[in-house]
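Reading through the C-alpha cells given below for one structure.
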Amino acid sequence: MAALNLRQPPPEDEWVHTYLKLLPQWKPLALSHQSMIPISISRVNQFDAARLDIEMSAMLKEQLVKVFSLMKPGMLFQYEPELDAFLEFLIWRFSIWVDKPTPGNALMDLRYRDERAMESRGKVRTGLEGPGLTIAQKIWYCIATVGGQYTWARLQSFSAFRRWGDSEQRPLARRAWILIQRVEGLYKAASFGNLLIFLYTGRFRNLIERVLQARLVYGSPNMNRAVSFEYMNRQLVWNEFSEMLLLLLPLLNSSSVKKFLGPFSKDKSSSSKVDDDTCPICQAIPTIPFLSLPCQHRYCYYCLRTRCAAAPSFRCPRCGEPVVAMQRHGGLAGNTNPNQ
C-alpha cells in the first residue's frame with residue numbers, strides 16, 4: 001500500500017527546464033499584449049493646438065509689422081509671403097527642430113511622436129511612449145509647411161499677376177493655370193478626406209502629419225490642468241453690466257442727472273456764464289431768444305415752443321422748474337402760454 005502511494009520526486013532542476021521550454025511561447029504573447037494598448041487623443045485639443053499656433057504666428061507678425069510702421073506704406077505687402085515664411089521658420093526652428101512642442105501643442109500638452117517606431121517597439125507601459133521625430137522627418141516637415149506654403153503662395157500671386165487664366169494667345173500659360181487649379185482641387189479633396197478619417201480615428205489631423213507618420217500624443221500621461229474661470233467671470237460681469245445700462249439709460253432723465261451732477265462740476269463761474277448764453281436744448285446761441293417763465297432762462301424760440309408743445313409739463317433743464325409761460329428776450333413780461 002505504501003508502495004502504491006509513493007512516487008518518485010521530480011529533479012530539482014525540472015522547473016528550470018520547463019521554464020526555458022515555455023519561454024519562447026510566452027514571450028511573444030506577453031509582448032503582443034503590451035504593445036496593443038489603445039490610446040485616445042482628444043481631437044478638440046489637436047484642433048485647438050493648431051489654432052493657437054496660427055494665433056501665435058499672427059501676434060508675431062503684428063509686432064513685426066509695427067517695426068516697419070514708419071517706412072513707406074504698402075512696402076511690406078509685396079513681401080508678405082516671405083514674412084509669413086520667416087515667422088513659420090522661426091517657430092519650427094525653436095520648437096520642432098529642438099524636440100520641443102510648438103506653442104499650441106505645449107498649451108494642450110501634446111508632442112509629436114514617430115509612429116513608425118512604435119510598430120517595432122517592445123515594452124509599452126502607458127501607450128504614450130515613443131521617440132520623437134527623426135532628423136529627416138523634421139526637415140521634411142519644414143520643407144512641407146514653410147517651403148510648400150511659401151512656394152504655393154508665390155505661384156498663385158505670380159500667376160494671378162501675369163493673368164495666366166485670361167491669356168488665350170499663350171496655350172502654355174493657360175495649361176499651367178489649369179494644372180494649378182487641378183492640383184489645388186485635388187489637395188482640398190485629399191484634405192477633406194483626411195479630415196473625415198481624423199474625426200473617425202483621431203490620428204493625423206493633416207496630410208503632412210499622415211505622410212510623415214508624425215502623430216500627436218500627450219506629453220505627460222498625468223497632468224493637472226489649472227483651469228481658471230477668472231476671464232470668464234470678468235466677461236459675465238461686463239455683459240450683465242452692459243445689459244443693465246442698456247435697460248436703465250432710456251429710463252433716466254438727462255436734465256435731472258445733469259442737475260444732480262451740477263454742484264460737483266469744476267469752474268462753476270466760467271461754465272455758468274457759458275450756460276446762460278446758450279440754449280439749454282440745442283446748446284447753441286439763440287437766434288430768436290425767448291425766456292422761460294418763471295425761471296428766466298434763455299432759449300431758442302423754436303426749441304422752447306416745440307418742447308412745450310410736446311410735453312405740457314415741460315421743466316427747465318437747468319433748474320428743473322416747470323415752464324408756465326414764455327416771453328421774448330428784452331420784451332415786456334406777459335403770460336404767453338407756450339402750449340398754445
Side-chain angles (χ1 to χ4, degrees), residues 38-61 80-121 127-159 179-219:
I39 58 173
S40 178
I41 310 299
S42 175
R43 298 163 179 79
V44 176
N45 285 6
Q46 297 183 58
F47 278 128
D48 288 345
R51 187 62 188 174
L52 288 172
D53 288 335
I54 295 174
E55 294 295 334
M56 179 62 66
S57 179
M59 291 174 59
L60 293 176
K61 183 178 179 180
E80 187 174 1
E82 286 79 6
L83 181 62
D84 294 337
F86 174 70
L87 294 177
E88 292 294 335
F89 176 79
L90 286 181
I91 295 177
W92 171 85
R93 172 60 181 82
F94 294 102
S95 59
I96 296 177
W97 178 251
V98 293
D99 292 326
K100 291 183 179 180
T102 61
N105 292 342
L107 291 175
M108 295 291 107
D109 188 32
L110 297 173
R111 69 176 183 90
Y112 277 115
R113 183 180 74 180
D114 186 6
E115 198 68 10
R116 300 173 301 176
M118 295 303 299
E119 299 178 358
S120 60
R121 192 173 178 84
L128 300 177
E129 294 90 355
L133 302 181
T134 62
I135 296 179
Q137 285 177 315
K138 296 175 184 177
I139 294 176
W140 280 112
Y141 186 91
C142 178
I143 293 175
T145 56
V146 181
Q149 293 180 4
Y150 168 73
T151 304
W152 187 255
R154 271 302 176 193
L155 183 60
Q156 284 188 327
S157 62
F158 181 79
S159 61
L179 179 62
I180 292 175
Q181 297 299 319
R182 289 182 179 179
V183 170
E184 184 178 6
L186 290 176
Y187 178 78
K188 290 182 178 180
S191 299
F192 179 72
N194 180 82
L195 175 62
L196 297 179
I197 298 175
F198 170 77
L199 294 177
Y200 181 74
T201 61
R203 302 172 59 182
F204 310 118
R205 61 188 176 182
N206 54 48
L207 292 176
I208 298 175
E209 295 177 358
R210 185 169 298 277
V211 172
L212 298 178
Q213 290 294 300
R215 185 184 180 187
L216 284 173
V217 296
Y218 291 121

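Here the structure is a predicted model, which is why all the values come from computation and not from measurement. These values consider heavy atoms only, across backbone and side chains, with no hydrogens, waters or symmetry-generated copies.
Summarising the geometry of Y141 relative to I208, their closest heavy-atom pair is CD1-CG2, 4.1 Å, with the distance given to 0.1 Å. Between L87 and S57, the closest heavy-atom pair is CD1-O, 3.8 Å.
Judged by distance alone, with hydrogens and angles left aside, the side-chain atoms of S157 form a donor-acceptor pair with the main-chain N or O of R154 at under 3.5 Å. With hydrogens and angles ignored, the 3.5 Å screen pairs a side-chain donor or acceptor of Q137 with a backbone N or O of T134. With hydrogens and angles disregarded, no donor-acceptor distance shorter than 3.5 Å links the side chain of R116 to the backbone of Q213.
Residues satisfying the ring-ring contact (aromatic ring centres under 6.0 Å, His included) test with F47, not counting sequence neighbours, are F198. Residues forming a side-chain hydrogen bond (donor to acceptor under 3.5 Å, both in side chains) with Y218 (at least two apart in sequence, or on another chain): none. Partners of Q156 by side chain to side chain contact (heavy atoms under 4.5 Å, CB included), not counting sequence neighbours, listed by chain and number: W152, E184. Scored by the side-chain hydrogen bond (donor to acceptor under 3.5 Å, both in side chains) test, K61 finds E80, D84 as partners (sequence neighbours excluded).
Listed by first and then second residue, the side chain to side chain donor-acceptor pair (under 3.5 Å) pairs that reach into residues 190-200 are N194-R210, sequence neighbours excluded. Note on residues 39-59: pairs passing salt bridge (charged side-chain N to carboxylate O under 4.0 Å, His left out), not counting sequence neighbours, are R51-E55.
Counting heavy atoms from C-beta on, the side chains of N105 and Y112 come closer than 4.5 Å. Residues I96 and T102 have side chains in contact (heavy-atom distance under 4.5 Å, counting atoms from C-beta outward).
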(message) Could you walk me through whether L155 and I180 satisfy the side chain to side chain contact (heavy atoms under 4.5 Å, CB included) test, starting with their C-alpha distance in whole Å, then the side-chain angles of each, then the deciding distance to 0.1 Å, before giving a yes or no?
(response) CA-CA 9 Å; L155 183 60; I180 292 175; 3.8 Å; yes
(request) Go through the steps to decide whether L207 and Y187 satisfy the test side chain to side chain contact (heavy atoms under 4.5 Å, CB included), and finish with yes or no. (result) CA-CA 9 Å; L207 292 176; Y187 178 78; 3.8 Å; yes
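In this structure, K138 pairs ionically with D99, as a charged nitrogen and a carboxylate oxygen lie closer than 4.0 Å. Salt bridge status for E209 with R203: absent, with no side-chain N to carboxylate O gap under 4.0 Å.
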